[in-house]
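Below is one structure, written out as structure tokens, with a few remarks after it.
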Amino acid sequence: MENKIKQLLLEQSEQLFGIKIEEKSVQFQLTRKEFEGDVTLVVFPFAKLLKSSPIDAANQIGEFLKQHISEIASYNVVQGFLNISLSSEYWKNKLFAIDTDNSFGRKKADSKGTILVEYSSPNTNKPLHLGHLRNNFLGYSVAEILKANGHKVIKTQIINDRGIHICKSMLAWERFSPVNINGERETPENTSLKGDKLVGKYYVVFDQEFNKEAKELIAKWESNEFDGFSAHVVEQYQKFVEAKIGKEEKAQADLDAKIKELAKNETSLLRDAKEMLVKWEARDPQTYLLWSTMNGWVYDGFKTTYEAMGVNFDRLYYESETYLLGKDLVSEGLSKGVFYKKEDGSVWVDLTADGMDEKLLLRGDGTAVYMTQDLGTALDRKKDYPDLEGVVYTVGNEQDYHFKVLFLVLKKLGYSWADKCFHLSYGMVDLPSGKMKSREGTVVDADELMTEVVQSAKEMTSERGHLEGMSSEQKDVLFKQIGMGGLKYYLLKVDPKKRMMFNPEESIELTGNTGPFIQYAHARINSLLAKAGEINGYDTALLGNEEKELIKVLAQYPAVIHEAGSAYSPALIANYCYELVKAFNHFYQSVPMLIEEDKSVRDLRLVISRNVSKVIVNSLLLLGVESPQKM
RNA sequence: GGCUCCGUGGCGCAAUUGUAUAGCGCAUCAGAUUUCGGCUCUGAGGGUUGGGGGUUAGAAUCCCUCCGGGGUCACCA
């Protein structure tokens, strides 16, 4: 309707006002509740052009529109706002259109190119945690939203299965794992630990041992034992020690940290881990076998976690397979003169002209860094999907700078599609008790959290739910739907780029802006419709204000999907869905349905309810949340 | 320090393509519903949108500046 009015105004503007108006000066908004009307045209821009008062302009436009558009029943003017009321006929037709459209709100898949949505992208040295939950739910949801907007979407992840961090776990396992009576080191089978948890355990062991060794080194240095250290290191150390003299406490602490850093680099453990990485890159068979075995454990563990999360992927990329491509790209950049080589053989790009730093692309020893592999992966993807229209990278906001650099480097290399890449950056998830820190053991494990939330859903639902006649399997499915629904909704309702607070108890509350509150409303409509039986026509029903208000909310759904797609924001869907449910609860409270005597009115209300239910189910699906029939 | 993101009632959030009296939930208080699932609904109190300045007919929203917080500035990923 807005478009129709806009079209008419644009076409007729010269005849009406004597001037041509611009498209952007035609602005609409939904009429506020406290005023009469359905859509509102903001007339300030016209008043300026017409050099008349906003009120005169509004009246003039209102009269003109009413004469030319039959669906406009009336209008009123408040200050510079033209409030337009649409006819009952219009709204009833709207309802009919919504009711008969099974894919209401979704755009058909069209000729748009493929969009890759990357999310999760874990390291294979640690189990997934709360932050990964936000990541996975976000990525999955954005992928679904883009599909609903008619895009071809490939869900993908890059698995960081290579690098010094993996070598750390491998080394620690080789060196510190106890050996059982069969002569085996610890495995998921003989410890019954989830694979990702076991490997994560050894990553922690590495860190502990490594810090221990660094401490010992510092102690040695403090008693002037410098055997076996290079002159450069000794010199650095003495420089830091001298600098400490006479400094304030804070400055001294900073210097101590630098000394620690220096010591860490001199540990045998780190040196061995680095050696291992070089061996791995040289495809040393023994190292490669260990690597693939331990990664296999991790993948088995992740698989279980992803299933519990309810997310999936269409295509996987492994860093171990793409990082070499990155090296090729680096050579290409060198020959194009975009990059340059330093004396030690390391390769850099100079971005100072763009207000950024110089950035390392390849180490002096020829091994790849993070940026190398991301460049390679990007290129690989373009090869796999020649119609690639864009890549959405779901990665935490601590990497904002990295992606800025990545996109810029790609552009400098002459890849025009770099412009279509988008970093879906999201903020950290805090707990009521404060920040998550792996060192302090306050990290919330993803598996544990999901189990906990499903357990709470069970306790709550068993106490108050409608579970008669359900088998225990059905009940388990239901508890999972409610618990996970609450968790997903809670993490998705907040604007992605904002840092957010996660309160586990609040997520499965049945009141307020929560997933279960919405699921409950759906279950109630479902039960209402089951009791109602047959629904016939509603042609003769009078459209009351309550009905109209609810149809208006339903009619917004397609616009919400569109906006959520262009803003990559599931939060818009979540908040809309909540608004819809509140509007429905109000409706439900104020008009009778099953006991309404006028059959036509009864059926009109039931048809509205049926569509509210439909939109709830579909919009929750875009968030990856299921809608149980009973709860 | 440079760059960057954020700052909205006690708490958690919405509105950020400028626009009418800044919405909502939790919590608090007062009510409604003997009938469709009371896990609902209605109402009240509570805000100088971090401070200041600017642009505009109009600013939570745009610009400048200051304050506060996060992130980042690694041959980690």
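Letters go in sequence order (proteins before strands), and every chain restarts at 1. These numbers come from the heavy atoms of this one structure, side chains and all, not from hydrogens, waters or symmetry mates.
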How would you label the contact of [X] with the nucleic acid (heavy atoms, under 4.0 Å): base, sugar-phosphate, or nothing?
X	value
D354(A)	nothing
A523(A)	base
Q27(A)	base
V591(A)	base
S527(A)	base

For Y520(A) and C39(B), do the ring centres fall under 5.5 Å apart while the planes stay under 30° apart? yes
Would you say the base of A20(B) stacks on F35(A) (centre-to-centre below 5.5 Å, plane angle below 30°)? yes
For the pair made of [atom1] in [X] and [atom2] in [N], what is the distance, rounded to whole Å?
X	N	atom1	atom2	result
K582(A)	G43(B)	NZ	C1'	15 Å
I55(A)	A20(B)	CD1	P	16 Å
L528(A)	U40(B)	CG	P	16 Å
H522(A)	C36(B)	NE2	P	20 Å
Y489(A)	C24(B)	OH	C1'	11 Å
N503(A)	A27(B)	CG	P	12 Å
Q589(A)	G37(B)	CD	P	12 Å
N585(A)	G37(B)	CG	P	13 Å

Give me, pair by pair, the N or O atoms of the protein and of nucleotides 74-77 of chain B that are less than 3.5 Å apart, along with how far apart they are.
residue : atom : partner : partner atom : Å
C75(B)  : O3'  : R363(A) : NE           : 3.4
C75(B)  : N4   : D344(A) : OD2          : 2.1
C76(B)  : OP2  : R363(A) : NE           : 2.8
C76(B)  : OP2  : R363(A) : NH2          : 2.4
A77(B)  : OP1  : R363(A) : NH2          : 3.4
A77(B)  : OP2  : Y370(A) : N            : 3.4
A77(B)  : O2'  : N123(A) : OD1          : 2.9

Heavy-atom nearest nucleotide on RNA chain B for S590(A) versus H586(A): which residue maps closer to 5'? S590(A)
Relative to the 5' end of RNA chain B, which residue comes earlier, Q79(A) or M631(A), by the nucleotide with the nearest heavy atom? Q79(A)
Distance under 6.0 Å and angle within 45° of ring axis: K404(A) vs F407(A): no
Where do N or O atoms of nucleotides 4-14 of chain B meet protein N or O atoms at under 3.5 Å, pair by pair?
residue : atom : partner : partner atom : Å
G7(B)   : OP1  : K498(A) : NZ           : 3.4
C13(B)  : OP1  : M501(A) : N            : 3.1
A14(B)  : OP1  : D495(A) : N            : 2.9
A14(B)  : OP2  : K498(A) : NZ           : 2.9

Per the 3.5 Å Watson-Crick/G-U criterion and a run length of at least three, the stems involving RNA chain B are B:1-7 with B:67-73, B:10-13 with B:23-26, B:28-32 with B:40-44, B:50-54 with B:62-66
Nearest listed nucleotide, side chain of Y578(A), among A20(B), G25(B), C41(B): G25(B)
Look at K531(A) and G37(B) and indicate whether a side-chain polar atom (N or O) is within less than 4.0 Å of OP1 or OP2. yes
